[in-house]
Amino acid sequence: MRATLMYGAGDVRVEEVPDPVLQEPTDAIVRVVRTCICGSDLHPYHTMPASGQGSPMGHEFLGVVEELGSEVAGLKRGALVVAPFAFQDNTCDFCREGVQTSCRHGGFFSTAQAEFVRVPQAAGTLVTLPVGEDSPLLPSLLTLADVYGTGYHAAKRANVDPRTTVTVIGDGAVGLLAVLSARQLGAQRIILMGRHKARTDLGIEFGATDVVAERGEEGIARVRELTGGDGTHAVLEAVGYREAYEQALGVVRAGGVISRVGVPQYEEGPLGWGMFGRNLTLTGGPAPVRAYIDELLPGVLEGTVEPGKVFDRTIGLDEVPDGYRAMDSREALKVLVRI
């Protein structure tokens with residue numbers, strides 16, 4: 001089959017690799033229908049050391065079940081399914097507590113930008129979709145694999161509700177869907193910090209009430225000005241760089257919550273009196289997307305939300321290297337890959 005491999009920073013190739021096969025009786029083999037490039041894929045695209053052996057890429061996909069292990073229940077061959085970016089049995093104590101990304105028998109996908117994927121713990125991971133593989137809903141359904149659930153996780157962990165003022169840091173797909181999620185949870189004031197107009201315009205469509213293009217101290221001052229000097233109750237940080245975290249500390253209101261869902265590219269950050277003295281809460285983490293799919297799916301199927309609008313370019317599998325370049329240069333917000 002054809003699959004995407006990264007050989008180092010900026011070096012993405014589509015090559016022939018062996019087809020995946022069932023390895024455990026709890027596995028499934030899924031033929032990929034749609035996959036995509038994630039903002040988090042750009043971190044290794046910037047920093048991965050060169051290697052003679054490529055690393056497979058991709059963790060978001062919709063597909064059709066082709067093979068099932070002997071112990072997989074509740075799934076049928078030929079069904080269209082969505083997979084969270086992490087696989088899980090969905091029965092262990094962590095899964096039952098809603099932290100499927102810490103499943104005792106789980107892990108994370110890294111081979112989804114390909115024609116086929118082996119899915120461990122298939123019964124607990126795959127969710128059957130009641131549409132065909134030609135449905136116009138596929139882009140929005142694909143966001144359930146990661147970015148919509150991640151934006152929703154940011155808002156849920158920050159306890160966003162109708163009384164909550166919110167700042168979202170980052171105008172990538174996750175940040176924009178954090179805006180959408182905060183609006184769904186009732187927030188009336190949502191400040192989006194981003195400086196790419198096409199993206200922030202979509203953020204306004206999703207529910208942002210204000211846009212702040214400034215960064216750093218200027219951005220902090222602007223958010224403070226918009227909130228009477230106090231900052232917002234919740235800050236949803238969807239970038240992952242230390243500068244974004246420090247910006248979050250600058251715009252959060254006393255007693256507020258910083259919810260980080262951008263994959264952190266730093267190991268140290270301020271945790272002293274600036275956080276302690278203001279009774280701030282720091283939360284977030286990799287989204288247990290499986291915990292949210294059942295809740296978010298009906299709105300997508302009914303068309304009351306269209307998270308798939310974050311995809312602004314569609315390519316074929318052989319064009320994936322160009323898709324990485326387009327996202328890295330900010331020519332594309334999020335690239336959809338049609339297999």
Side-chain angles (χ1 to χ4, degrees), residues 36-40 42 139-140 142-144 146-158 160-162 164-216 218-220 222-227 231-241 243-245 247-248 250-252 257-262 284 287 296 299-300 303-313 326-327 329-336:
C36 56
I37 302 170
C38 185
S40 63
L42 296 181
S140 286
L142 180 56
T143 66
L144 296 172
D146 184 351
V147 288
Y148 187 13
T150 296
Y152 194 73
H153 181 60
K156 290 288 282 189
R157 292 292 293 175
V160 172
D161 63 27
T164 309
T165 55
V166 179
T167 298
V168 175
I169 299 177
D171 58 9
V174 171
L176 296 178
L177 292 174
V179 169
L180 176 66
S181 299
R183 175 63 73 185
Q184 284 182 284
L185 293 171
Q188 301 301 305
R189 185 77 183 275
I190 304 170
I191 301 169
L192 173 59
M193 302 192 78
R195 57 179 184 166
H196 303 91
K197 188 175 186 303
R199 300 181 180 196
T200 57
D201 284 350
L202 181 56
I204 291 170
E205 181 180 339
F206 281 163
T209 55
D210 305 270
V211 172
V212 171
E214 296 88 348
R215 290 182 171 182
E218 290 185 5
I220 291 169
R222 179 61 180 146
V223 173
R224 293 265 171 190
E225 178 185 349
L226 290 170
T227 55
T232 57
H233 297 96
V235 181
L236 314 183
E237 192 274 281
V239 178
Y241 291 116
E243 294 85 352
Y245 170 59
Q247 194 163 285
V251 301
V252 67
V257 181
I258 297 171
S259 182
R260 300 184 309 160
V261 292
L296 300 177
V300 173
T304 56
V305 293
E306 295 185 65
K309 288 184 175 183
V310 297
F311 292 109
D312 58 350
R313 183 171 299 192
M327 285 184 60
S329 64
R330 300 294 190 270
E331 295 172 18
L333 166 58
K334 189 167 178 66
V335 173
L336 179 71

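- Across Thr165, Thr164, Thr167, a single residue satisfies side chain to side chain donor-acceptor pair (under 3.5 Å) together with Thr232, and that is Thr167.
- By the 4.5 Å heavy-atom criterion applied to side chains, Gln247 and Ile220 are counted as neighbours.
- For the atom pair CE (Met327) and CZ (Arg313), the distance works out to 10.5 Å, reported to the nearest 0.5 Å.
- Residues Cys38 and Lys334 form a side-chain contact, since some pair of their non-hydrogen atoms from C-beta on lies under 4.5 Å apart.
- Residues Ala187 and Val166 share a closest heavy-atom pair of CB-CG2, 3.9 Å.
- Atom CG in Asp210 sits 7.5 Å away from atom CZ in Arg222 (nearest 0.5 Å).
- Between Arg215 and Glu243 there is no salt bridge, since no side-chain N of the basic residue sits under 4.0 Å from a carboxylate O of the acidic one.
- In plain terms, the two heavy atoms of Val257 and Ala158 that are nearest each other are CG1-CA, 3.7 Å.
- In this structure, Arg183 CZ and Gln188 CD are separated by 5.5 Å, a value rounded to the nearest 0.5 Å.
- Within a 6.0 Å sphere centred on CZ of Arg189, heavy atoms belonging to other residues, nucleotides or ligands number more than 12.
- Distance check: Ile169 CD1 to Ile191 CD1 gives 10.5 Å after rounding to the nearest 0.5 Å.
- Between Gly151 and Ser181, the closest heavy-atom pair is C-OG, 3.6 Å.
- Counting heavy atoms from C-beta on, the side chains of Leu192 and Phe206 never come closer than 4.5 Å.
- Proximity of Arg199 to Arg330: side-chain heavy atoms (C-beta onward) are separated by under 4.5 Å at one or more points.
- Not a single donor-acceptor pair under 3.5 Å links the side chain of Ser259 to the backbone N or O of Leu236.
- Residues Val239 and Gly170 come closest through the heavy atom pair CG2-CA, 3.7 Å.
- Scanning both residues, Ala155 and Ala182, for their nearest heavy atoms gives CB-N, 4.2 Å.
- Between Tyr152 and Gln184, the closest heavy-atom pair is CD1-OE1, 4.5 Å.
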Result block: side-chain N/O donor-acceptor pairs under 3.5 angstrom for residues 171-180, not counting sequence neighbours:
| from | atom 1 | to | atom 2 | distance (Å) |
| --- | --- | --- | --- | --- |
| Asp171 | OD1 | His196 | ND1 | 3.4 |
| Asp171 | OD2 | Arg195 | N | 3.1 |
| Asp171 | OD2 | His196 | N | 3.1 |
| Asp171 | OD2 | His196 | ND1 | 3.1 |

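- Considering CG of Leu333 and CG of Asp312, their distance stands at 5.0 Å, rounded to 0.5 Å.
- Under the 4.5 Å side-chain criterion, counting only non-hydrogen atoms from C-beta, Val305 is not in contact with Ser140.
- For the atom pair CZ (Arg157) and CZ (Arg260), the distance works out to 12.0 Å, reported to the nearest 0.5 Å.
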